Amino acid sequence: MDIRRKGIAMGTTTASRSESSTGKRNLVEMNWDPITRIVGSLGIFTKIDFDNKQVAECYSTSSIFRGYSVFMQGKDPRDAPFITSRICGICGDNHATCACYAQQMAFGVKPPAMAEWIINLGEAAEYMFDHNIFQDNLVGVDFCEPMVKETNPKVWQKAQATAAPHAAAHGFRTIADIMTALTPFTGTLYRETLEMSRMTRHMFCLMEGRHVHPSTLYPGGVGTVPTIQLFTDYLVRLMKYVEFMKKIVPLHDDLFDFIYQALPGYEKVGQRRILLGCWGAFNNPDSCDYEYRHMAEWGREMFVTPGVVVDGELVTTSLVDINLGIRILLGSSYYDDWENRETFVTQDPLGNPVDQRHPWNQTTTPRPQNRDFNGRYTWVMSPRWHDARSGDDLALDTGGGPIARLWATALAKRVDLGYIKATGATVEINLPKTALLPEAQFVWKIPQWSNAIERDRARTYFQAYAAAAALYFVDRALAELRAGRAQTFTPYTVPENAIGCGFHEAVRGVLSHHVVIRDGKIANYHPYPPTPWNASPRDSKGTLGPYEDAVRNTPIFEENGPDKFKGIDIMRAVRSFDPCLPCGVHMYLGPGRSVEVFHSPMFGFGAAR
């Protein structure tokens with residue numbers, strides 16, 4: 001039968017299935033739109049096989065067009081940090097920082113070391129703040145008592161009878177006690193997390209002036225005045241957070257280990273091939289000069305090592321390789337192609353050819369249209385990374401940021417700060433004695449899978465990583481101050497013509513800004529934060545985006561049927577990527593709507609868009 005006439009969105013070249021040509025499956029449409037942070041820009045559309053308890057199909061959509069790459073044209077490049085910080089109301093400072101990095105390369109300016117330590121302290125506070133509030137005030141709700149009781153009552157019964165292995169460290173006797181503590185508004189851990197988040201915002205404001213749109217951050221340095229009092233005020237708050245981490249890391253280990261124990265096979269939820277990207281974070285002023293020709297070297301000296309991890313192998317740690325490999329594909333996106341449009345940059349400063357699909361050469365021409373899951377269905381493009389070894393354009397994901405950062409840093413085996421040490425298979429995080437607790441060491445180990453639980457687990461460990469790194473940055477900033485090196489700005493002249501690129505880690509993962517300057521104004525500008533990578537749709541070669549890939553074939557462990565289905569396993573898979581704070585999830589159709597589907601395994605073969 002012709003399933004296209006039935007209006008069923010299926011049969012792309014990537015949708016390989018094992019059903020026989022005569023097989024029949026009863027699928028139920030379950031759609032969540034919006035999954036939101038600030039705006040309702042993310043929707044997840046699925047078809048679920050309740051008989052076999054598995055997601056059969058998934059589409060990730062976005063209904064909002066931002067247009068920053070369009071209205072940045074013609075602007076003074078010095079304004080880029082202030083404009084691009086408004087891209088996001090949660091991690092705007094990450095954009096402002098990355099924009100400064102790109103402008104500093106274009107302008108040929110190196111900020112003083114003190115400015116870099118202040119920026120690193122601000123960004124560390126942002127990681128501590130955002131991961132903290134997301135992990136226990138948003139992701140944590142998926143594991144709280146009311147949610148578990150409603151979706152998996154048998155798991156709740158097990159939780160009540162299961163002692164928490166690290167109860168002495170975090171104070172909760174059973175796993176059920178942890179779940180109760182995560183209950184919104186009433187749970188003790190939920191409320192304590194809100195207090196810690198407020199404190200980390202204070203830390204950020206000490207360094208960058210305002211959260212989340214910095215008022216003291218601009219190309220060439222910062223406007224923050226470094227004093228002993230400034231760093232002391234930061235350090236007092238930081239040590240409270242360090243003490244909090246000594247409770248939180250073992251608490252989440254207990255919770256996530258229990259989920260694996262209570263629900264055998266849960267490692268398959270949100271699992272996808274290990275394709276991770278990290279663009280590095282925390283520049284080292286001892287080596288970073290912002291010159292492109294040295295970028296591979298100073299990039300490797302970052303305090304979070306950049307890297308691309310494919311099937312567990314660290315393919316590269318070179319920011320030059322990472323930069324040249326970026327490709328922006330279309331296929332399912334509401335844009336016109338730019339293959340035959342202007343080429344802004346033919347070669348990088350090292351003489352390497354730059355692809356037409358690279359952000360330096362992208363021309364953004366929106367083409368609004370109706371959503372069609374057989375064609376175009378989202379405003380998100382499809383960033384990919386070209387693996388020169390195989391010729392494949394890989395749908396890298398960030399895993400919400402921390403898992404990619406820790407994985408790349410561990411394998412690179414370069415970071416060794418005393419507080420943090422990458423060993424090749426682990427990342428050791430050493431936290432000093434605090435007011436009430438002795439020193440502690442936490443060891444993140446490279447996991448067997450890239451899945452929902454391990455993404456969530458890595459987020460907790462990276463909170464401790466950010467705190468440990470901040471301790472090192474405070475030490476270095478105070479050393480600069482005591483040596484009389486308190487300068488925070490380097491003057492510069494805006495060039496008539498230049499190119500630049502900035503690489504950083506937003507809270508949720510990879511962040512790049514690419515700028516082309518002509519006649520002293522921005523001629524082309526393209527920021528690529530983590531969500532376009534993670535939320536990308538099927539591309540022109542038929543490759544699914546990470547959300548789609550991670551949700552499709554995810555098993556369903558929820559005990560509810562279609563009529564009362566909450567989609568908790570799907571939401572855990574999606575939320576594990578930290579996608580623009582998916583706190584307001586609403587069922588799109590109410591009770592599931594059944595659709596009768598006959599699968600034709602060869603339908604659509606060879607029909608790549």
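Computed from a predicted structure; not experimentally measured.
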- Message: Closer than 3.5 angstrom, by distance alone: can the side chain of Gln356 be matched with the main-chain N or O of Trp338 as a donor-acceptor pair?
- Response: yes
- Note on the structure: When rounded to the nearest 0.5 Å, the distance separating CG of Leu314 from NZ of Lys413 is 12.5 Å
- Message: Check this for me: Lys433, atom NZ, are more than 12 non-hydrogen atoms of other residues, nucleotides or ligands nearer than 6.0 Å?
- Response: no
- Message: Please report the interatomic distance CG(Leu230) to CD1(Ile118), rounded to the nearest 0.5 Å.
- Response: 6.5 Å
- Note on the structure: Interatomic distance, CD1@Ile322 vs CH2@Trp385, rounded to 0.5 Å, equals 7.5 Å
- Query: For Val380, does its backbone N or O pair with a side-chain atom of Ser333 as donor and acceptor, under 3.5 Å?
  - Reply: yes
- Do Asn323 and Ser512 come within less than 4.5 Å of each other through their side chains, counting heavy atoms only? no
- Task: Indicate the ring-plane relationship of Tyr127 and Phe282, choosing parallel, tilted or perpendicular according to the 30° and 60° boundaries.
- Result: perpendicular
- Query: Rounded to the nearest 0.5 Å, how far does CE of Met381 lie from OG of Ser69?
  - Reply: 6.5 Å
- Message: Using side-chain heavy atoms (C-beta onward) and a distance below 4.5 Å, is Trp360 in contact with Thr346?
- Response: no
- Query: How are the rings of Phe65 and Trp379 set relative to one another: parallel (under 30°), tilted (30 to 60°) or perpendicular (over 60°)?
  - Reply: tilted
- Query: For Trp279, does its backbone N or O pair with a side-chain atom of Glu505 as donor and acceptor, under 3.5 Å?
  - Reply: yes
- Could you please spell out the steps behind the side chain to side chain contact (heavy atoms under 4.5 Å, CB included) verdict for Asn430 and Glu439? CA-CA 8 Å; Asn430 300 300; Glu439 62 186 21; over 6 Å; no
- May I ask you to check if Arg405 and Phe462 form a cation-pi contact, with NZ or CZ under 6.0 angstrom from the six-membered ring centre and within 45° of the axis? yes
- Message: Determine whether a donor-acceptor pair (N or O, by modelled atom type, separation under 3.5 Å) exists between the side chain of Arg459 and the backbone of Ser576.
- Response: yes
- Message: Would you say that Asp475 contacts Tyr419 through its side chain, given a criterion of any heavy-atom pair below 4.5 Å between the two side chains?
- Response: yes
- Are any side-chain N or O atoms of Tyr218 and backbone N or O atoms of Gly223, one a donor and one an acceptor, separated by less than 3.5 Å? yes
- Polar contact flag, side-chain donor to acceptor under 3.5 angstrom, Thr305-Thr317: no
- Say you draw a straight line from SG of Cys501 to CE of Met105; how long is it, rounded to the nearest 0.5 Å? 4.0 Å
- Are the side chains of Lys521 and Asp519 in touch, meaning some heavy atoms are under 4.5 Å apart? no
- Task: May I ask you to check whether Thr316 and Asp321 show a side-chain donor-acceptor distance below 3.5 Å?
- Result: yes
- Taking the side chain from Asn534 and the backbone from Asp397, do they hold a donor-acceptor pair closer than 3.5 Å? no
- Measure centre to centre between the rings of His514 and Phe503, then say whether the value is under 6.0 Å. yes
- Thr364 side chain near Tyr335 side chain, heavy-atom distance below 4.5 Å: yes
- Message: Filter on salt bridge (charged side-chain N to carboxylate O under 4.0 Å, His left out), then keep only pairs touching residues 273-285, sequence neighbours left out; what's left?
- Response: Arg273-Asp311
- Message: Testing the 3.5 Å rule here: is there a donor-acceptor pair between the side chains of Arg300 and Ser287?
- Response: no
- Message: With side chain to side chain contact (heavy atoms under 4.5 Å, CB included) as the criterion, how do Glu208 and Val222 come out once you've worked through the C-alpha distance, each side chain's angles and the decisive distance to 0.1 Å?
- Response: CA-CA 8 Å; Glu208 298 190 26; Val222 299; over 6 Å; no
- Query: Can you say whether the rings of Trp298 and Tyr290 are parallel (under 30°), tilted (30 to 60°) or perpendicular (over 60°)?
  - Reply: tilted
- Arg357/Asp337 ion pair, N-O < 4.0 Å: yes
- Message: Could you measure the distance from the CE atom of Met128 to the CE atom of Met203? Nearest 0.5 Å is fine.
- Response: 3.5 Å
- Arg457/Glu454 salt bridge by N-O under 4.0 Å criterion: yes
- Would you please test Leu217 and Cys100 for side chain to side chain contact (heavy atoms under 4.5 Å, CB included) and show each step? CA-CA 8 Å; Leu217 179 61; Cys100 285; 4.0 Å; yes
- Message: Contact between Val354 and Phe344 at the side-chain level, heavy atoms closer than 4.5 Å - yes or no?
- Response: no
- So, do Trp444 and Val249 sit near enough that their side-chain heavy atoms are less than 4.5 Å apart? no
- Message: Closer than 4.0 angstrom, basic N to acidic O: yes or no for Asp130 and Arg508?
- Response: yes
- Can Leu238 and Leu235 be said to form a side chain to side chain contact (heavy atoms under 4.5 Å, CB included), step by step? CA-CA 5 Å; Leu238 175 59; Leu235 184 58; 4.1 Å; yes
- Query: Do Asn132 and Ser197 have side-chain atoms, one donor and one acceptor, less than 3.5 Å apart?
  - Reply: yes
- Carboxylate-amine/guanidinium contact Asp539 Lys541, below 4.0 Å: no
- Residue pairs, two or more places apart or on separate chains, that pass salt bridge (charged side-chain N to carboxylate O under 4.0 Å, His left out) and touch residues 88-105: none
- With distance as the sole criterion, is a donor-acceptor pair present between the side chains of Glu123 and Asn94 under 3.5 Å? yes
- Query: Taking only residues two or more places apart in sequence, or in another chain, which ones meet Asp348 in a salt bridge (Lys or Arg N to Asp or Glu O under 4.0 Å)?
  - Reply: none
- Would you say the side chain of His95 lies within less than 4.5 Å of the side chain of Val212, judging by non-hydrogen atoms? no
- Task: Inspect the surroundings of CZ in Arg341 and state if more than 12 heavy atoms from other residues, nucleotides or ligands are less than 6.0 Å away.
- Result: no
- Task: Verify whether one side chain among Gln229 and Asp233 offers a donor that lies under 3.5 Å from an acceptor in the other.
- Result: yes
- Are Tyr472 and Arg476 linked by a side-chain donor-acceptor pair shorter than 3.5 Å? yes
